[in-house]
Amino acid sequence: MRQKQYFIPTLRDNPADAEVASHQLMLRAGLIRPLASGLYTYLPLAHKVLAKIQQVIREEMNKARAQEILMPALQPAEIWQETGRWEVYGPELIRLHDRHERPFALGPTHEEVVTGLVRDEIKSYKRLPLTLYQIQTKFRDERRPRFGVLRAREFIMKDAYSFDTSEEGLDASYQAMYQAYQAIFTRLGLTFRAVEADSGAIGGTDTHEFMVLSEVGEDTLVYCTQCDYAANIEKAEVRRQQYEQVKGTEEPMIEVDTPGQSTIERLVEELGIEAKQIVKAIALAADGQAVVALVRGDYELNEVKVKRALGAEQVEFLEEERIRKDLGSEPGYIGPIGLKDVKVIADYSIMGMENAVIGANKRDKHYLHAKLGRDFTVEQFYDLRNITEEDTCPNCEHPVRFAKGIEVGHVFKLGTKYSEAMGAVFLDENGREKPMIMGCYGIGVTRLLAAIIEQHHDQNGIIWPKAVSPFDLHLITVNTKDQDQESVADTLYESLLQAGYDVLYDDRAERAGVKFADADLIGIPLRIIVGNKAKEGLVEVKWRKTGESELIPKEELVDRLPSLLAKN
RNA sequence: CGGGAAGUAGCUCAGCUUGGCAGAGCGCCACGUUCGGGACGUGGAAGUCGCAGGUUCAAAUCCUGUCUUCCCGACCA
């Protein structure tokens, strides 16, 4: 491809509204352009890279015996009503009406469509197991689109669904997908980690997320320094343990003035105590029902664990109005004593607390010297807090560490949730009707594009891993006015194409600096520069990643390319 | 949805405090000089100052409303 007429609108400055490296570079290198918040056009370079990513995914999925299909993005409301998700899904589901005022949705995922399809077509155990997948545009009206294509409202996803006759079958299908994912992310040149994830309140046994390690990741993952344990912090269990609590004398509980001290930090500062002496009380709405959760002041509440402990679908913070009305309390001063009739649950870290500071449910008031059992009680204890780096591995008791990750893939054992709701059943060997056992497996394709850039760039631009580079080679003439250079480059371009290489040929009448800067931005791993040594028959090859270069006789180039490319 | 910031030329931004001809750099077009790391000169094109309303002789500038974008918190590939 001659660059003169190729559409790569590079930018010299970073656009003001891009924050993270991948977003900035995708804009600057001419990969994407925004249309609205969370909506992007993929320009030729990005489109080529996406095609390569999809190719890798297809190869590995097909190898795992999954079969590619393509389902409609536009879906009638009825199938969503069948599974109950029309009500449950919430505002993230984009809903619309056709000309007959019939309700539809733009698919954020395809369990309903694929389950309906398999239900109608497959009746016998003899046709199972079956795994179907598609690569398609998904729609989710995200509450907050962010970081360019990392969290977009319209994005390309590979979604796969497996149907099995037994739990053992599901295990095998799940394993096959898990391994395919490992192969895919490895081939894409990513540093990643598969972690245990939370499966949500309903069903779902095993589930793993594939995290690309990156500082801009929105997820925190916890891994053991000894064994191979790794989990999303939402999921990571905290070992049950004897907490070392601050001891008190047998002083009675007293009420004190704590004006404006509505945070842990302020209380620590003003009262001269430790955070671990404070009972942090958090008011929540679990499926609308007010609940108070207690956790020791030096720990963070984990809402996913609360959700699981209560068996709730949804847990969110209680609004200030309801804290006053439903709890009879005051935001910032919530405590376990004297609350109206609400459920109070607590993390294990509360056990054995004495000499504690608790909110008095009155503005600017706390109690001191509160003792669990004597002054306040708790209905039930659970593991409700986030693990910390001071905690130990739930498997082997060795230290754990944290890392940030971008979730690029998710594998999930669904069980029979959708097959039962939609009547996707088969007849087994004995003629008995049974629900199919399902799994689902997603990969964020456009998110991968950004994640790859996050892990593969430097100050000057992108450095594509070879497997996904938009071109094999970047051929550059230093000076287009120089006849020698131009003719050498032209013939070289032709012979490279002949040899089967996909070449981007910068034939633009730009100065060398401009071309080199653009080449760095675009990030094709191997560069061939035709410059002032061209009249002596020498061309330069240069590796984008290391900046190393080598002069090579032009006749030898095509023959030596395989080894030159392999060097990087 | 709550909290914060910003909307002026394709991009990055100044001008706004104190109302008075719409600006700069880069990019773009033409010509010339240059030519291995974002050159230089001359000339040129380009903006409904986000939108609507108000105040005023006069609004990019002041006031009100509204829309959009980005960042921080509750969800997901």
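Chain letters run A, B, ... following the sequence lines, proteins first and then strands; every chain starts at 1. Computed from a predicted structure; not experimentally measured.
- Counting non-hydrogen atoms under 4.0 angstrom, A/Lys481 reaches a base of the nucleic acid.
- Across every strand in view, B/G32 sits in a pair with B/C40 that passes the Watson-Crick or G-U test at under 3.5 angstrom.
- Looking at the side chain of A/Glu407, the nearest of the listed nucleotides B/U12, B/C28, B/C76 is B/C76.
- Between the base of B/C76 and the side chain of A/Asp219 there is a donor-acceptor pair shorter than 3.5 Å.
- Judged by ring centres under 5.5 Å apart and planes tilted less than 30 degrees, A/Phe516 fails to stack against the six-membered base ring of B/G38.
- Not one side-chain nitrogen or oxygen of A/Arg146 sits closer than 4.0 Å to the OP1 or OP2 atom of B/A77.
- Cation-pi geometry between A/Lys48 and A/Phe471 is satisfied (NZ or CZ under 6.0 Å from the ring centre, within 45° of the ring normal).
- Residue A/Arg527 is in base contact, counting any heavy-atom pair closer than 4.0 Å across all strands shown.
- Under 4.0 Å is where a charged nitrogen must lie from a carboxylate oxygen, and between A/Glu540 and A/Lys533 no such pair does.
- Spacing of P atoms, B/G43 relative to B/C26, comes out at 14 Å, to the nearest Å.
- A 3.5 Å limit on both hydrogen-bonding distances identifies no Watson-Crick or G-U partner for B/G19.
- Taking the C1' atoms as reference points, B/C70 lies 39 Å from B/A30, given to the whole Å.
- In terms of polar N and O atoms assigned as donor or acceptor, the side chain of A/Arg511 comes within less than 3.5 Å of the base of B/U34 in a complementary pairing.
- Contact annotation for A/Tyr181: no contact, since no heavy-atom pair falls under 4.0 Å across all strands.
- Ion pair A/Glu111/A/Lys417 not flagged as a salt bridge, since none of the NZ, NE, NH1 or NH2 atoms sits closer than 4.0 Å to an Asp/Glu carboxylate oxygen.
- Closest of all the heavy-atom pairs between A/Phe147 and A/Val20 is CD2-CG1, 3.5 Å.
- Comparing B/A77, B/U69, B/C71 by their closest approach to the side chain of A/Arg140 singles out B/A77.
- At the heavy-atom level, A/Gly444 lies under 4.0 Å from base atoms of the strands shown.
- The nearest whole Å value for the distance from the NZ atom in A/Lys515 to the P atom in B/C35 is 15 Å.
- Comment: A/Arg2 engages A/Asp490 in a salt bridge, judged by a side-chain N to carboxylate O separation of less than 4.0 angstrom.
- Atom C1' of B/C76 sits at a distance of 28 Å from the matching atom of B/C67, rounded to the whole Å.
- Both A/Arg153 and A/Glu303 lie near RNA chain B, and the one whose nearest nucleotide falls closer to the 5' end is A/Arg153.
- To the nearest whole angstrom, the two P atoms, one in B/G20 and one in B/A60, are 9 Å apart.
- Relative orientation of the A/Phe210 and A/Phe185 rings is tilted, given thresholds of 30° and 60° on the angle between their planes.
- No donor-acceptor distance shorter than 3.5 angstrom exists from the side chain of A/Trp464 to the backbone of A/Ile452, with no hydrogens or angles considered.
- Contacts of A/Val478 with the nucleic acid, taken as non-hydrogen atoms under 4.0 Å apart, include base atoms.
- Figure legend. B/C1 is base-paired to B/G73; pairs are counted as Watson-Crick or G-U wobble with both atom distances under 3.5 Å.
- Remark: B/U55 base-pairs with no nucleotide; criterion is Watson-Crick or G-U wobble with both hydrogen-bond distances under 3.5 Å.
- Summarising the geometry, the separation between OH on A/Tyr89 and P on B/C76 is reported as 7 Å, rounded to the nearest angstrom.
- When heavy atoms are screened at a 4.0 angstrom cut-off, A/Pro15 is found touching the sugar-phosphate backbone but no base atom.
- At a cut-off of 3.5 angstrom, counting only N and O atoms as typed in the model, there is no donor on one side facing an acceptor on the other between the side-chain of A/Arg144 and the base of B/G3.
- Under the Watson-Crick or G-U wobble criterion, with both distances below 3.5 Å, B/C11 is paired with B/G25.
- Applying the side-chain contact (heavy atoms from CB on, under 4.5 Å) test between A/Val295 and each of A/Ile278, A/Leu384, A/Ile282 identifies A/Ile282 as the sole match.
- Look at the C1' atom in both B/C16 and B/C62: the space between them is 10 Å, to the nearest Å.
- Summarising the geometry, the separation between CD on A/Glu319 and C1' on B/G73 is reported as 15 Å, rounded to the nearest angstrom.
- Nucleic acid contact for A/Ala197: none, since no nucleic acid atom lies under 4.0 Å from a heavy atom of the residue.
- A distance of about 16 Å separates the C1' atoms of B/A59 and B/G50, rounded to the whole Å.
- The side chain of A/Ala36 sits closest to B/U69 out of B/C11, B/U69, B/A77.
- At distances below 3.5 Å, at least one donor-acceptor pair connects side-chain atoms of A/Tyr161 with backbone N or O atoms of A/His110.
- Applying the 4.0 Å criterion to OP1 and OP2 of B/A77, one finds that A/Thr446 has every side-chain N and O outside that range.
- Within the shown strands, B/A6 is the pairing partner of B/U68 under the Watson-Crick or G-U definition, both distances less than 3.5 Å.
- When distances run from any side-chain atom of A/Glu316 to the nucleotides B/A74, B/C76, B/U34, the shortest one goes to B/A74.
- Where A/Asp520 and A/Gly442 meet RNA chain B, the nucleotide closest to each residue was compared, and A/Asp520 sits on the side nearer the 5' end.
- Between A/Glu510 atom CD and B/C28 atom C1' there is a gap of 11 Å when expressed in whole angstrom units.
- When distances run from any side-chain atom of A/Glu540 to the nucleotides B/C13, B/C75, B/G36, the shortest one goes to B/G36.
- Nucleotides B/G10 and B/C71 have their P atoms positioned 23 Å apart, rounded to a whole Å.
- Within the nucleic acid shown, A/Asp482 has no heavy atom closer than 4.0 Å to any nucleic acid atom.
- Out of B/C75, B/G27, B/C70, the shortest distance to the side chain of A/Arg12 is found at B/G27.
- Using a 4.0 Å heavy-atom distance criterion, A/Ala517 is classed as a base contact.
- For B/G54 and B/G2, the C1' atoms lie 30 Å apart once the distance is rounded to whole Å.
- Between the CG atom of A/Asp17 and the C1' atom of B/G10 there is a distance of 14 Å, rounded to whole Å.
- You'll find that the side chain of A/Arg151 is closest to B/C75, out of B/G38, B/C75, B/G25.
- At the heavy-atom level, A/Gly531 lies under 4.0 Å from base atoms of the strands shown.
- Taking the side chain of A/His410 as heavy atoms from C-beta on, and the options B/G36, B/C75, B/A77, the nearest nucleotide is B/A77.
- Closest contact between the side chain of A/Asn479 and the listed nucleotides B/C35, B/C71, B/A77 involves B/C35.
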